[in-house]
Amino acid sequence: MTATTDVLIIGGGVIGLAIAVELKLRSLSVTVLVRDFPAAASHAAAGMLAPQAEQIPPSAMLDLCLLSRSLYPQWISKIEQISGLDTGYWRCGILAPRYTQENRDNWLNQAQIRQYQPGLSTEVVGGWWYPEDAQVDNRALTLALRATAQALGVNIRDGVAVKAIECEQNRVTGVRTNEGMLSSDRYILATGAWSGQLLSIPVYPRKGQMLSVRAPDDIPLQQVLFGSDIYIVPRQDGRIVIGATSEDVGFTPHNTPAGMQALLQRAIRLYPQLQHYPIIEFWWGFRPATPDELPILGASPYYNLTLATGHYRNGILLAPVTANLIADAIANQDRPLLKHFHYSRFLT
Ligand code: FAD
Ligand code: GLY
């Protein structure tokens, strides 16, 4: 059995890579095992940093999300500086148009919302403006994180699939992979929607289908539009990402005509001129969902295995705070926020 690293991270999506970078910056040796880099939800996402548009109610989860959003500017500068790559981070704000009147403070009426965004459907009666919500190009971010990790000396092993986590009493002794047994002092599980395949924790896939179109040269959208069942995310390079379905169909792959029809209908209803834009791409991905829609972070039943999974709809947003909290947990530093996301909440 090979034991060559302080920390072995299983999973190389945005969560595993963000943790790897943070641990390496704290002078630990780190190996990341990645079964399939492009299959990660991190490539499929829309990249919205949207605790407010996602309407997360006041809770420890909202605190976690707001903290992560506030960490983003500095975190991104670090990654872009080390990797030399652009991540498309854009503090564009998110506009949330609605077809029915809602009675809360700070509501934009029909005339006001049209000033924020010309070209909205005539059915829109008003909406919300969240100036602090933002976006990042999640594909560019994942590549930049990977390049950062490699520049720092993280050992990234592509094509290595963990088949089982081997344990003795309350300790992980190694992981069985397609390349043999591997061992380490500490282990981190960051396998997204596939986490339930390796450990008895309730994480399961929630499929999301997406598509993108190309905007005309004079990009008409300067902020994300977050409708009640659709979002439209303009990138700075002229792509417009449209999402997403939310389907309980296990790991069933592919885009479906029904999924694409639903997205296109809703997007065109919200922002009619989209119907003329050329389609670039369709894709899908699997959100790592949990029964209470909160992530599972920190301790596990095994003292040398740490959990960083179940980020569901907000894993891109939560990457910087997760990296920070998990690196502190590995260093045995107390972070009270972690107790809200402990796996034991699912034990009966
Ligand atoms: P993943 O990115 O899925 O990575 C898991 C990795 O583990 C993969 O590389 C996989 O190959 C590897 N792996 C799995 N099993 C094994 C194994 N046995 N051995 C070795 N490696 C293994 N979040 C936001 O914040 N904002 C958004 O706008 C947003 N939009 C989304 C839209 C869609 C359609 C989807 C699907 C998700 C969206 N999300 C969004 C959620 C976000 O994408 C996820 O929460 C996040 O990417 C999870 O990251 P992860 O690293 O935990 O998992
Ligand atoms: N956060 C957007 C999505 O999961 O579709």
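On a predicted model such as this, the values are computed, not experimentally measured, just so you know. Each ligand, and each atom within it, is numbered from 1 in the order the structure gives.
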* Under the 6.0 Å and 45° cation-pi test, does Arg269 pair with Tyr99? ->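 Judged by the rule (NZ or CZ under 6.0 Å from the ring centre, within 45° of its axis), Arg269 counts as positioned above Tyr99.
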
* Within 45° of the six-membered ring axis of Phe286 and under 6.0 Å from that ring's centre, is NZ or CZ of Arg206 located there? ->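 No, Arg206 does not lie over the aromatic ring of Phe286.
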
Geometry only, no angles: is [X] polar-contacting ligand 1 at N/O separations under 3.5 Å?
| X | result |
| --- | --- |
| Gly47 | yes |
| Phe286 | no |
| Gly315 | yes |
| Arg313 | yes |
| Asp36 | yes |
| Ser42 | yes |
| Ile316 | yes |
| Ala193 | no |
| Ala41 | yes |

Has [X] got a side-chain atom pairing as donor or acceptor with [Y]'s backbone, closer than 3.5 angstrom?
| X | Y | result |
| --- | --- | --- |
| Lys78 | Pro73 | no |
| Lys207 | Phe251 | no |
| Ser183 | Gly174 | no |

* side chain to side chain donor-acceptor pair (under 3.5 Å) against Arg239, all qualifying residues, sequence neighbours excluded ->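 With sequence neighbours excluded, Arg239 shows a side chain to side chain donor-acceptor pair (under 3.5 Å) to Asp137, Asp237, given in chain and number order.
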
* Asn304 and Asp185: which non-hydrogen atoms are nearest, and at how many Å? ->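 The answer is CB-O, 3.5 Å.
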
* Can you name the closest pair of heavy atoms from Ile240 and Ala215 and give their distance? ->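 Shortest heavy-atom separation between Ile240 and Ala215 comes out as CD1-CB, 3.6 Å.
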
* From the options Ser246, Gly13, Pro288, Ala46, select the one whose nearest heavy atom is closest to atom 48 (C) of ligand 1. =>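 Selected option, by shortest heavy-atom distance: Pro288.
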
Distance only, no hydrogens: is a donor on one side chain within 3.5 Å (strictly under) of an acceptor on the other, for [X] and [Y]?
| X | Y | result |
| --- | --- | --- |
| Gln223 | Gln117 | yes |
| Arg69 | Gln52 | yes |
| Thr142 | His43 | no |
| Thr177 | Glu179 | no |
| Thr173 | Glu168 | no |
| Trp129 | Gln112 | no |

* Please report the C-alpha distance between Asp328 and Arg26 in whole Å, then the side-chain angles of each, then the deciding distance to 0.1 Å, and finally whether the salt bridge (charged side-chain N to carboxylate O under 4.0 Å, His left out) criterion is met. => CA-CA 10 Å; Asp328 283 353; Arg26 298 185 189 196; 2.7 Å; yes

Does ligand 1 have any atom sitting under 4.0 Å from a heavy atom of [X]?
| X | value |
| --- | --- |
| Gly12 | yes |
| Tyr231 | yes |
| Thr309 | no |
| Val160 | yes |

Run the numbers for me: atoms of ligand 1, each under 4.0 Å from some heavy atom of [X], listed by number.
| X | answer |
| --- | --- |
| Val14 | 49 (O), 51 (O) |
| Leu198 | 18 (N) |
| Asn314 | 23 (N), 24 (C), 25 (O) |
| Trp194 | 3 (O), 14 (C), 15 (N) |
| Met210 | 34 (C) |
| His311 | 45 (O) |
| Leu33 | 20 (C), 21 (N) |

* Asked: Relative to the ring of Tyr72, is the ring of Tyr89 parallel (under 30°), tilted (30 to 60°) or perpendicular (over 60°)?
  ->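 Plane angle under 30°, so parallel.
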
* Asked: When you look for protein heavy atoms under 4.0 Å from ligand 2, which residues do they belong to?
  ->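 Within 4.0 Å of ligand 2, protein side: Met48, Glu54, Tyr231, Ala244, Arg287, Arg313.
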
Just need the protein heavy atom nearest to [atom], so name the residue and atom and give the distance.
| atom | result |
| --- | --- |
| atom 53 (O) of ligand 1 | Gly192 CA, 3.5 Å |
| atom 7 (O) of ligand 1 | Gly11 CA, 3.3 Å |
| atom 50 (P) of ligand 1 | Ile15 CG1, 3.7 Å |
| atom 13 (N) of ligand 1 | Thr191 CG2, 3.8 Å |
| atom 28 (O) of ligand 1 | Met48 N, 2.8 Å |
| atom 17 (C) of ligand 1 | Val162 N, 3.7 Å |
| atom 45 (O) of ligand 1 | Tyr312 O, 2.9 Å |
| atom 8 (C) of ligand 1 | Ala40 CB, 3.8 Å |

* To do: With side-chain hydrogen bond (donor to acceptor under 3.5 Å, both in side chains) as the test, would you mind laying out the steps for Gln135 and Arg235 before giving the verdict?
  => CA-CA 9 Å; Gln135 65 157 301; Arg235 299 283 198 231; 2.8 Å; yes

* To do: Treat each ILVMFWY residue as a node, draw an edge where side-chain heavy atoms are under 4.5 Å apart, and state whether Leu305 and Ile15 are in one component.
  =>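 As far as the 4.5 Å side-chain criterion goes, Ile15 and Leu305 are not connected within one cluster.
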
* Asked: Linking I/L/V/M/F/W/Y whenever their side-chain heavy atoms sit closer than 4.5 Å, directly or via other members, would Phe282 and Val249 fall into one cluster?
  ->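 No, because Phe282 and Val249 fall into different hydrophobic clusters, even though each may have its own neighbours under 4.5 Å.
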
* What part of Leu17 sits under 4.0 Å from ligand 1 if we count only heavy atoms: the side chain, the backbone, both or neither? ->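 Neither; nothing of Leu17 gets under 4.0 Å from ligand 1.
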
* Near-ring test Phe226/Trp128, centroid separation under 6.0 angstrom ->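 So the answer is no for these two rings.
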
* **Gln74, CD: over 12 other non-hydrogen atoms inside 6.0 angstrom** =>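 No, because the 6.0 Å sphere around CD of Gln74 holds 12 heavy atoms or fewer from other groups.
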
